[in-house]
Asks: 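If you scroll down you'll find the structure; I have some questions about it.
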Amino acid sequence: MYAVEEKNDVFTEELKLNLGPQHPSTHGVLRVELKMDGEIITASRCDIGYLHRCAEKIGENVTYLQFTPYTDRMDYLASMNNNLAWSLAVEKLIDVEAPERAQWIRVIVAELNRIASHLIAFGTYGIDIGANTPFFYAFRERESIMALLERPSGARMLYNYIRPGGVGHDVDDQWLADVLAFCDEFERRWKEYNTLLTNSHIFIKRTANIGVIPKDVALAYGCTGPVLRGSGVKWDLRRDVPYLKPYDELEFDVPVGEGTHGSLGDCWDRYWVRMREMMESIRIIRQACPRVPDGPFMDKKTSGMYKTPLKPKPGEAYVRCENPRGELGFYVVSEGGTSPIRCRTRAPSFCNLAVLDVLLPGTMIADGVAIIGSLDIVLGEVDR
Amino acid sequence: MGILNHALPNIGPVKAVDTAIGWGRKSSIWPMTFGIACCAIEMMAVYAATFDLDRFGAGVPRATPRQSDLIIVPGTVNAKMAVRVKRLYDQMAEPRYVIAMGACVCGGGPYVKWGYNTVKGVHKIIPVDIFVPGCPPRPEALMDGILKLRDQVGRDAVFARREQAGKEMDGRYAAAS
């Protein structure tokens with residue numbers, strides 16, 4: 001028998017690993033450079049730009065109305081909300097306000113699209129964790145929303161429906177009734193999701209206490225939306241800075257993370273905030289549908305610009321809206337021409353992604369995938 | 001099947017074997033999990049329950065190019081991504097097929113005029129079999145594209161010698177590599 005001396009010189013070599021741009025769980029074309037010690041991530045660096053589509057430069061070359069479809073393609077999961085933010089920015093620049101009916105329709109379609117966007121987050125997060133079934137359930141309800149939004153707008157995904165001055169087309173009473181019927185249907189489906197994924201023992205083990213963002217870190221990195229609310233900060237522009245009149249009159253809660261299954265601000269909290277936001281959106285739609293007033297759906301003065309390009313007075317406008325992913329801002333500067341001279345976007349995904357480099361070091365690589373999924377980024381918006 | 005590929009004469013029994021193999025191949029297309037932009041969401045909708053691409057045997061995306069024989073390019077390819085798309089295509093084993101999904105990939109789309117960074121059509125990088133236009137194309141459009149690809153895959157000979165059409169095919173693959 002030989003005595004085996006214990007030596008501490010066993011070490012694993014540092015491994016550099018590229019996650020993406022083609023990777024099933026990076027939610028698009030994100031590349032993360034990871035330094036690995038075995039299975040532990042020691043350092044990470046995000047590499048973006050694989051979907052840079054020159055949106056801001058295009059904004060400086062096309063007219064104000066022509067830029068609306070490009071905002072669709074930034075955050076393509078929430079086109080209505082992007083249209084809304086851009087339309088509000090242009091309306092602020094030319095100092096008009098959309099008619100009452102348009103404002104209520106805007107609220108309904110924006111909240112419907114918020115549900116559709118959160119459904120994708122829910123379904124693809126399941127796939128990231130290793131549960132394939134929720135994806136199919138989520139897309140079933142998403143198809144219903146697509147069918148509803150297709151009727152007034154004519155498109156399934158990229159609507160170009162909310163325009164400066166109002167909305168593109170009117171909705172009829174049958175549509176409003178169908179939206180209400182969908183709300184009843186969705187409420188039942190939502191309970192299915194919770195039995196499928198939310199309360200699943202494996203899912204909780206994979207997400208609770210993973211990727212904890214403390215309150216101060218979330219605030220310091222400019223996180224917004226469910227990422228910020230998951231860390232326990234009650235901040236929602238719809239409630240705190242109502243950018244549409246109806247939001248002032250509607251009743252809804254702002255769900256925040258509570259640390260139910262672990263620390264406050266972990267992946268499960270962010271996920272659960274999104275799930276509850278869907279129900280809040282349903283609550284908003286339920287209240288809004290019967291209250292849509294009669295009247296014009298497009299401002300008369302503004303609709304003139306569909307014939308001749310609009311020329312706002314020199315000035316600037318900044319408008320921010322609560323997107324499904326956080327705070328979307330459009331900053332427009334006019335010098336009196338037909339197109340803005342600067343058209344800047346404050347993208348929520350971009351700011352939420354910045355916190356990733358703080359979260360990843362020290363975690364296992366499988367948890368890294370769970371963290372990326374819980375931030376729910378859209379690369380079209382990160383790169384623009 | 002190696003050295004026998006396109007080596008046998010184009011006669012009855014060989015054709016019959018080719019038809020049988022073609023039927024099998026077209027009914028088990030393995031696409032690659034690859035999403036770039038907006039079109040990827042519609043592609044996911046095609047995989048999901050409502051449209052259910054699995055009816056045509058193409059519903060299980062593989063995570064790596066080495067296991068897949070179809071690459072659907074769903075979304076704008078820009079200068080930085082073009083290198084990766086080319087590399088992904090090169091990593092796939094023959095026979096491989098490409099579907100260009102969406103207006104951006106077919107020829108620039110909305111970014112054709114001012115998009116200083118976008119590639120105006122993915123056919124400038126890799127050879128494309130099926131173009132599916134639209135911004136984004138409806139799921140029905142993508143399914144139509146995949147059905148057309150199925151026909152093409154079923155017609156492809158494996159053992160039989162390729163005549164005129166075969167030369168064109170070889171030229172096409174030569175241009176790609």
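Please read all numbers here as calculations on a predicted model, not as lab measurements. Every chain is numbered from 1 and lettered A, B, ... according to where its sequence line falls, protein lines coming before strand lines.
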Asks: Tell me, yes or no, whether the heavy-atom count around A:F350 atom CZ, taken from other residues, nucleotides or ligands under 6.0 Å, exceeds 12.
Replies: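 Count not over threshold, so no.
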
Asks: Can you tell if the side chain of B:C135 reaches within under 4.5 Å of the side chain of A:R73, non-hydrogen atoms only?
Replies: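 When only atoms from C-beta onward are counted, A:R73 and B:C135 do touch, with a gap below 4.5 Å.
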
Asks: Answer with side chain, backbone, both or neither: which region of B:L88 has an atom nearer than 4.5 Å to a non-hydrogen atom of chain A?
Replies: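 When you check distances to chain A, only side chain atoms of B:L88 fall under 4.5 Å.
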
Asks: Counting distance only, does the side-chain N/O of A:Y76 pair as donor-acceptor with the main-chain N or O of B:C39 below 3.5 Å?
Replies: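 Absent.
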
Asks: Contact between A:R53 and B:N117 at the side-chain level, heavy atoms closer than 4.5 Å - yes or no?
Replies: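 No. Closest side-chain heavy atoms not under 4.5 Å.
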
Asks: Which residue out of A:L379, A:N61, A:D383 racks up the most heavy-atom pairs below 4.5 Å with chain B?
Replies: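 Heavy-atom pairs under 4.5 Å are most numerous for A:N61.
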
Asks: Please look at B:T76 and chain A and tell me whether the side chain, the backbone, both or neither of the residue comes under 4.5 angstrom of a heavy atom of that chain.
Replies: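 Both backbone and side chain of B:T76 come within 4.5 Å of chain A.
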
Asks: Give me the atom names and distance for the closest heavy-atom approach of B:G115 to A:C54.
Replies: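 Closest approach of B:G115 to A:C54: CA-SG, 3.6 Å.
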
Asks: Does NZ belonging to B:K120 count more than 12 external heavy atoms closer than 6.0 Å?
Replies: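 More than 12 within 6.0 Å, yes.
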
Asks: Would you mind checking which part of B:M44 comes under 4.5 Å of any heavy atom in chain A, side chain (CB onward), backbone (N, CA, C, O), both or neither?
Replies: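 Answer is both: backbone and side chain atoms of B:M44 are under 4.5 Å from chain A.
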
Asks: Quick one: of B:A49, B:G35, B:A37, who has the most non-hydrogen atom pairs under 4.5 Å with chain A?
Replies: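 The answer is B:A37.
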
Asks: Please verify the inter-ring angle class for A:H52 with B:Y116; under 30° counts as parallel, over 60° as perpendicular, anything in between as tilted.
Replies: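 Correct class here is tilted.
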
Asks: Tell me, side chain or backbone of A:T124 under 4.5 Å from chain B's heavy atoms, or both, or neither?
Replies: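 Side chain only.
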
Asks: Could you tell me which non-hydrogen atom of B:N78 sits nearest to which non-hydrogen atom of A:G49, and how far apart they are?
Replies: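 Here B:N78 and A:G49 meet closest at ND2-O, 3.1 Å.
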
Asks: Side chain, backbone, both or neither: which part of B:A40 has a heavy atom under 4.5 Å from chain A?
Replies: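 Nothing of B:A40, per the 4.5 Å heavy-atom cut-off to chain A.
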
Asks: Just verifying a value: how many Å separate A:L158 CG and B:E42 CD, rounded to the nearest 0.5 Å?
Replies: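 Here the interatomic distance stands at 8.0 Å.
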
Asks: Who in residues 132-142 of chain A is close to chain B, using a strict under-4.5 Å heavy-atom cut-off?
Replies: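 Residues A:F135, A:F136, A:F139, A:R140, A:R142 are the ones that qualify, each having a heavy atom under 4.5 Å from chain B.
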
Asks: What closest approach, in Å, do B:C38 and A:M157 show between heavy atoms, and which atom pair accounts for it?
Replies: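 For B:C38 versus A:M157, the nearest heavy atoms are O-CE, 3.4 Å.
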
Asks: Would you mind checking which part of A:L30 comes under 4.5 Å of any heavy atom in chain B, side chain (CB onward), backbone (N, CA, C, O), both or neither?
Replies: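 Neither; nothing under 4.5 Å.
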
Asks: Determine whether more than 12 heavy atoms belonging to other residues, nucleotides or ligands lie under 6.0 Å from atom CZ of B:R87.
Replies: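 Count not over threshold, so no.
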
Asks: In terms of side-chain geometry, is the basic nitrogen of B:K80 or A:D47 positioned less than 4.0 Å from the acidic oxygen of its partner?
Replies: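 Result for this pair is yes, salt bridge flagged.
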
Asks: Name the member of B:A63, B:C104, B:G75 that forms the most heavy-atom pairs with chain A at distances under 4.5 Å.
Replies: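 That would be B:A63.
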
Asks: I want to check something: taking the side chain as every heavy atom from C-beta on, are A:K57 and B:W114 in contact at a cut-off of under 4.5 Å?
Replies: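 A:K57 does not reach B:W114 side chain to side chain.
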
Asks: Decide if atom CD of A:E335 counts as having more than 12 heavy atoms of other residues, nucleotides or ligands within a radius under 6.0 Å.
Replies: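 Open.
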
Asks: Nearest 0.5 Å, what's the CD1-OG1 distance between A:I58 and B:T118?
Replies: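 The distance works out to 7.5 Å.
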
Asks: Drop me the distance from A:L51's CG to B:I36's CD1, to the nearest 0.5 angstrom.
Replies: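 Output value for this atom pair is 7.5 Å.
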
Asks: Drop me the distance from B:E140's CD to A:R156's CZ, to the nearest 0.5 angstrom.
Replies: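 CZ of A:R156 is found 7.0 Å from CD of B:E140.
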
Asks: What part of A:E150 gets closer than 4.5 Å to chain B, counting heavy atoms only: side chain, backbone, both or neither?
Replies: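 It is the side chain, since no backbone atom gets that close.
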
